[in-house]
Q: 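Below you will find the structure I want to go over with you.
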2 protein chains.
Amino acid sequence: MVNKSESSQIIFERLPDIDGIKTYTFETNTKYKNREDLLVVVFDKDAIAAGVYTSSLCPSAPVEWCKENINYDKIRGLVVNSGNSNAFTGKRGVQTVSNMVNSLAKNINCNIEGIAIASTGVIGEFLDESSIVEAIETIDLRMPTSTWIDAAKSIMTTDTFPKLASKVCKIGNCEIIINGIAKGSGMIAPDMATMLSFMFTNANITHSLLQEILRETTNISFNAITVDGDTSTSDTFLAFSSNKADHRLIKDINDPLIQGFINSFKEVAINLAKQIVRDGEGATKFVTIDLEGAISNNSANIIAKSIANSPLFKTAIFGEDPNWGRIVMAIGKAGEPASRDKVKIWIGNNLVASEGVVDINYKEDMVADYMKNKNINIKIDVGVGEGSGRIWTCDLSHQYITINADYRS
Amino acid sequence: MVNKSESSQIIFERLPDIDGIKTYTFETNTKYKNREDLLVVVFDKDAIAAGVYTSSLCPSAPVEWCKENINYDKIRGLVVNSGNSNAFTGKRGVQTVSNMVNSLAKNINCNIEGIAIASTGVIGEFLDESSIVEAIETIDLRMPTSTWIDAAKSIMTTDTFPKLASKVCKIGNCEIIINGIAKGSGMIAPDMATMLSFMFTNANITHSLLQEILRETTNISFNAITVDGDTSTSDTFLAFSSNKADHRLIKDINDPLIQGFINSFKEVAINLAKQIVRDGEGATKFVTIDLEGAISNNSANIIAKSIANSPLFKTAIFGEDPNWGRIVMAIGKAGEPASRDKVKIWIGNNLVASEGVVDINYKEDMVADYMKNKNINIKIDVGVGEGSGRIWTCDLSHQYITINADYRS
């Protein structure tokens with residue numbers, strides 16, 4: 001069974017329905033015009049949830065709500081609006097969250113602790129929630145639901161395409177669906193989920209187990225990507241399960257029955273994370289950095305992120321310039337142990353540097369050709385240990401400047 | 001006397017000669033064509049020196065030479081070439097340094113430990129030093145010397161203007177000259193001198209005192225600027241004194257006689273540091289960030305640098321967008337104590353945010369007008385203590401991408 005689940009394909013279009021989960025999307029004109037900007041998800045009965053949030057010390061009001069108030073064992077709804085992140089909005093922002101949460105709790109008749117919330121968009125402007133509340137009040141659970149692609153579209157801000165992925169696996173004989181949506185294209189950096197992502201399943205597992213799986217998953221997916229090194233005040237990664245699948249309740253992360261599910265869950269999250277990098281503001285290249293030979297996995301990640309976040313490295317990628325000197329620079333500035341005279345650097349399959357100098361067989365022409373690819377793989381061995389890590393990133397282009405120089409206008 | 005020195009003006013053109021210090025510049029065609037790319041400075045007798053170097057763990061061969069071999073009490077010469085940084089060039093790079101140092105030591109008849117060296121330019125390409133050595137061999141101390149502006153020009157790489165500054169002060173009755181030159185426009189970040197800068201004086205002080213002054217100076221000048229957050233493998237800040245001034249030898253940083261000199265020395269260095277920011281690759285704005293109310297000065301600097309290095313903040317400045325939400329984001333991601341609900345932000349003289357929300361008197365139009373200025377001042381109070389710090393930076397523009405996407409071609 002487990003093998004079967006692992007061999008199934010990731011689904012990007014027409015994600016399957018999940019028993020017990022309903023999605024609704026609305027055009028509220030809060031900030032954007034002529035597009036849907038509100039997602040409401042309703043669970044038939046108490047769902048379980050898990051969450052990972054921004055490490056920012058100035059989190060948004062919605063993040064505070066989720067961290068401090070929701071009951072992860074009894075979730076009935078999720079509200080997500082795009083265009084205004086309700087961050088740095090003080091007491092009025094807290095009231096706004098309360099009004100949004102209350103309107104859904106009242107409509108579906110549950111406690112307010114049963115409602116999760118996330119907001120994305122401009123920081124520091126008051127969010128006028130009136131049309132959001134109005135939309136929520138119109139929800140009738142007999143209404144036709146929105147598709148998952150509509151759900152993914154409704155949470156977009158500067159994203160150029162909706163991000164969604166799904167996988168079907170088995171737990172015992174039960175078919176388990178894992179659907180995920182995400183948004184984010186700038187202000188994306190490791191050190192937390194770094195965007196909004198929501199995953200939904202029907203697996204019958206405990207809140208604590210889902211939380212454990214979510215943490216492991218975050219480290220190798222959303223914490224392994226970076227667009228510009230900036231961390232948002234609103235980053236939120238939530239997972240929900242309707243618990244409707246008809247297998248025995250699973251509590252233990254080592255339970256053999258759950259291993260295929262965990263792999264599939266991670267696969268969907270990694271796929272969503274990579275979609276965010278591909279949609280990095282102005283991105284023209286998708287870059288995979290494999291860092292080996294560090295003193296620890298943590299050290300490898302720090303060095304890989306130092307490279308991935310270096311503006312000089314990123315612009316060289318944009319310029320299709322195999323400027324490996326900038327990789328050396330970024331290794332050096334990371335402040336982690338590395339042996340300058342043992343460092344090896346591969347661009348694609350080409351060994352460009354080894355033992356502290358350019359490799360004798362290195363031909364710039366050949367590597368310059370490789371740099372024209374859309375997908376660039378870079379491998380580095382820093383020569384001091386066994387630690388390794390992988391980070392995905394994109395280049396830094398003119399388009400990034402254009403998008404961000406007039407984001408608000 | 002001290003007061004007099006403090007009131008004198010910074011000089012930018014036609015820097016005065018300093019007794020005992022000769023400068024020579026050459027066109028060696030090592031990398032650049034039709035411009036001078038080699039600076040040699042010769043001291044009549046043993047000069048004293050002080051140095052601060054890159055914190056990079058992959059420093060260049062010239063940096064290693066200075067850190068490990070030179071005798072700061074008996075310096076006779078300095079060699080600086082531009083175009084190739086001789087970094088990540090292994091044993092061959094070490095040999096190159098040795099050949100360059102030897103040729104000058106032989107010519108002026110001193111120990112090789114008397115020769116300091118610095119190189120700047122592309123990383124990871126072998127430096128063919130033959131034409132540099134040839135030029136050094138032609139030096140005849142009776143030759144006419146080059147001007148300080150030629151010296152400043154000869155060390156430029158992507159710089160668009162030469163950076164030099166000078167101040168005349170007094171120690172006792174002696175006239176003391178402080179001349180400084182610098183280069184750097186990208187790969188500039190705090191956490192070390194972050195570029196090349198050389199300062200020259202005739203004050204009669206000890207090597208240890210000059211080193212103390214240099215360290216204090218570095219923290220408030222070259223360590224207080226950032227262009228792109230990248231730290232070079234070649235960063236070097238060296239100071240030299242011919243010791244020719246006819247006042248008693250000064251050893252103690254608290255000696256009343258030296259205070260005016262220290263202030264002037266810092267003033268010249270800060271001026272050079274600001275020139276680097278103004279020439280930041282593609283810079284269109286000069287930004288001063290004053291951070292107050294942090295738990296310590298160190299914490300204030302970390303938060304200020306987090307803002308200064310944020311690509312989203314920098315592009316907003318380029319776009320003349322008073323997007324203070326991005327300042328909040330960067331405060332949040334710095335990971336240092338800050339009170340979200342007490343943060344105050346001023347853009348120019350306009351209080352835009354206080355107590356966790358947009359200020360009631362904030363008018364976006366007024367601040368949008370202010371953003372059109374070339375010089376932007378931003379003040380932030382994070383509301384948790386008495387620590388403060390000041391960082392200078394520039395915006396992130398299309399031109400930065402253009403310059404760095406094809407630096408090597």
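Here is how names work: the chains are called A, B, and so on, in the same order as the sequence lines, proteins then strands, and each is numbered from 1.
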Q: Between B:I331, B:T89, B:D341, who has the most heavy-atom pairs with chain A when the cutoff is under 4.5 Å?
A: B:T89
Q: Is the terminal nitrogen or CZ of B:R92 (NZ for Lys, CZ for Arg) located under 6.0 angstrom from the six-membered ring centre of B:F126 and within 45° of that ring's axis?
A: yes
Q: Can you tell which part of B:S85 gets under 4.5 Å to a heavy atom of chain A, answering side chain, backbone, both or neither?
A: neither
Q: Regarding A:K183 and A:T157, is there a side-chain donor-to-acceptor distance under 3.5 Å anywhere?
A: yes
Q: Looking at A:D395 and A:A316, would you say the former's side chain and the latter's main chain have a donor-acceptor pair under 3.5 Å?
A: no
Q: Side chain from CB out, backbone as N, CA, C, O: work out which of these in A:V343 comes under 4.5 Å of a heavy atom of chain B, or both, or neither.
A: both
Q: I need the single residue from B:D359, B:N361, B:D381 that forms a side-chain hydrogen bond (donor to acceptor under 3.5 Å, both in side chains) with B:S354. Which is it?
A: B:D359
Q: What option among A:G93, A:P337, A:S397, A:A334 has the most heavy-atom pairs under 4.5 Å with chain B?
A: A:S397
Q: Check whether B:S60 gets within reach of chain A through its side chain, its backbone, both or neither, counting any heavy atom under 4.5 Å.
A: backbone
Q: Name the region of A:S339, side chain, backbone, both or neither, that has any atom closer than 4.5 Å to a heavy atom of chain B.
A: neither
Q: Would you compute the distance between atom CG of A:L396 and atom CG of B:L396 and round it to the nearest 0.5 angstrom?
A: 6.0 Å
